[in-house]
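Taking it in order: structure first as structure tokens, then the write-up.
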Amino acid sequence: MAKNRIAILAALSVLSVVAFLTIGLRGNIAFVLELRAIKLLALSQVGVSIAVSTVIFQTVTGNRIVTPSIMGLDALYLFGQMALVFALGGLGYAALNPQLKFAGEVLVLMALACALLLPMLRSRLDMGLMLLAGVVFGVLFRSLHSLLARLIDPNAFAVVQGASFANFNAVRTDLLAFASVLTIAALIVAWRARHVLDVVSLGSDTATGLGITWSRTVTGLLVLVSSLVAVSTALVGPVAFFGLLVVALAERIVNTRRHAVLLPAAALTGIVILVGGQTLFQHGLGSSSTLGVVIEFFGGIAFLLLLVLGSRK
Amino acid sequence: MIRIENVSLSLQATPILHDISLTIPKGGVTALVGPNGAGKSSLLSLIARLQPLQTGAISIDGLPVDTTPNRTLAKIVAILRQDSVVASRLRVRELVSFGRFPHNRGRLTDTDRTIIEQSLKQFDLTDLAGRFIDTLSGGQRQRALVAMAFCQGTDYLLLDEPLNNLDMYYARDLMRSLRQVADGNGKTVVIVLHDINMAGAYADRIVAMKSGRVIADGAPAEMLTTPVLQDVFGFAMQVATINGKPIVLHHL
Ligand SMILES: Nc1ncnc2c1ncn2[C@@H]1O[C@H](COP(=O)(O)OP(=O)(O)OP(=O)(O)O)[C@@H](O)[C@H]1O
Ligand SMILES: [Mg+2]
């Protein structure tokens, strides 16, 4: 049954991709196709990265309502980016190759995420505390981000300012090559860890009893999540509720939390929503810039629903 | 053999266990009894390396629990905790299958499947195998957790109050199964029990703890006497003899 549903999701993804590439082709076809293919690569990468990082993050925290972005990981990424510019701006950092800068930002995010989140994950916090901590993290790092922005000289600031909010229309294609390598590597690791993730979802004591070395495994998974968050945030900017929406939908579609099923289902759902949605908005509903708003709107509703339904249980 | 040497434990600056030394030989059923808060669960968590060791040493079959790779230990010792909650939405068969994880890392072989079906059958779960855990009754869930621990196929089984929520039929059934794996397969079972008569009837040895110390230790016939039990539990209870076996009338 779950297999059939994944097949349906895969078919929908293919449909979205084909529609995205072919609808309304005009003019210099080869040129337009190439542009669209690049954008498709970026969009699907963002969808998959957010979906997979959210699944893993929820499994590690034992909490279906948090996502990396709700816990402020994307704010942390932007803060790290700004901090690098601030600290190294005088040394000609802004002029460095963007791919190299991106690599540095990924490393900074991994280090910051481990330093801040590992103590929290060691003892699983209950949901209320976790959400609160996430809100505090998010606000704190967004404020620090703008504080640094104010301290930085205007030229350096222009380098990072463009990427501070989600825009599915303006994708950072210059980072695409490096991001693709990172995403593919992360996805391979995530897929190989699917059985371990199943055990991790049982909680630290049971997982330890079954031979998982908890702290090492959780650190590794957090590094994995960080790299995927870095990819999506670098390419389109921060998104708040997209991951939550995608994973909640995928889990309801396949009706299981087993990662061998849920990981591909979530990844495909991410592609369908992002690529399919972009196609729809570009050609059907006029303005394509509203996709981000609509996704966040439905994601926000999903968040509230999960909160209300979860607390009633 | 489980060897516990001079183990002490403090949590949040409160001493919980005081200099415990205990050797549990290979094979047989050892019951751990004692009042609430005596430290039984804490000791079991230390043996099962769920709680990091602070002072002293614990080894199982010569392997120190704090330095041996976790994967190796998971093939030797299985633990059922007192307050196991199943965080994930799982079906009974999926939960029980996790017991095989230390051996197969998630890829079920035919041997694994046979063992899983055996465990399901042994604990009368075959009809419930497709149900979600959160739809089960408390006793059914407890049986599923015990089945998972059995499935792990380890030489050592640490069970913290496995009779919780079980009715008389399944409680007796579980104790008989434990006796059977101890006698037939040479397994070592350490079980925390509050039902002193269950301990007397099925254990080879009873270890009594109180206030973080082992205060009495011996065969059931030596332990089930009014003075020893008064020492441990703090009130005098009659001990009758039926068919030559001591029966504690602790409820009167
Ligand atoms: N995390 C903790 N922090 C502080 N004290 C703790 C903690 N866990 C247990 N304790 C204390 O340690 C003592 C021993 O607890 P433990 O759970 O080992 O008792 P037990 O013998 O298993 O009792 P019961 O029969 O009620 O299960 C208790 O006094 C308890 O309050
Ligand atoms: Mg206990």
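Numbers restart at 1 for each chain; the letters A, B, ... are given by sequence-line order, proteins then strands.
For the options Val77(B), Leu95(B), Leu50(B), Asn70(B), heavy-atom pairs under 4.5 Å to chain A are most numerous at Asn70(B). Between chain B and the options Thr256(A), Asn255(A), Thr208(A), Ile212(A), the largest number of non-hydrogen pairs under 4.5 Å is found for Thr208(A).
The interface of residues 106-131 of chain B with chain A, defined by heavy-atom distances below 4.5 Å, comprises Gly106(B), Arg107(B).
The closest donor-acceptor contact from the side chain of Arg258(A) to the backbone of Glu94(B) lies at 3.5 Å or more, if one exists at all.
For Arg100(B), no part lies under 4.5 angstrom from a heavy atom of chain A. Within the 4.5 angstrom heavy-atom criterion, atoms from both the backbone and the side chain of Arg105(B) approach chain A. With a threshold of 4.5 angstrom between heavy atoms, Leu73(B) does not approach chain A through any atom at all.
Judged as a salt bridge (charged side-chain N to carboxylate O under 4.0 Å, His left out), the pairs with a partner in residues 139-162 of chain B (not counting sequence neighbours) are, in order, Lys26(B)-Asp155(B). Here salt bridge (charged side-chain N to carboxylate O under 4.0 Å, His left out) pairs that include residues 207-220 of chain A, with residues two or more places apart or in two chains, number zero.
In this structure, the ring pair (Phe, Tyr, Trp, His ring centres under 6.0 Å) partners of Phe303(A), at least two apart in sequence or on a different chain, are Phe241(A).
Between Ala74(B) and Gly209(A) the shortest heavy-atom distance is CB-O, 3.6 Å.
Between atom CZ of residue Phe98(B) and atom CG of residue Asp198(A) there is a gap of 4.5 Å, rounded to the nearest 0.5 Å. Of the inter-residue distances, the one linking Met148(B) atom CE with Leu202(A) atom CG reads 6.0 Å to the nearest 0.5 angstrom. Remark: Leu210(A) CG to Ile79(B) CD1 distance equals 11.5 Å, nearest 0.5 Å.
Side chains of Val196(A) and Phe101(B) form a contact here, defined as non-hydrogen atoms less than 4.5 Å apart.
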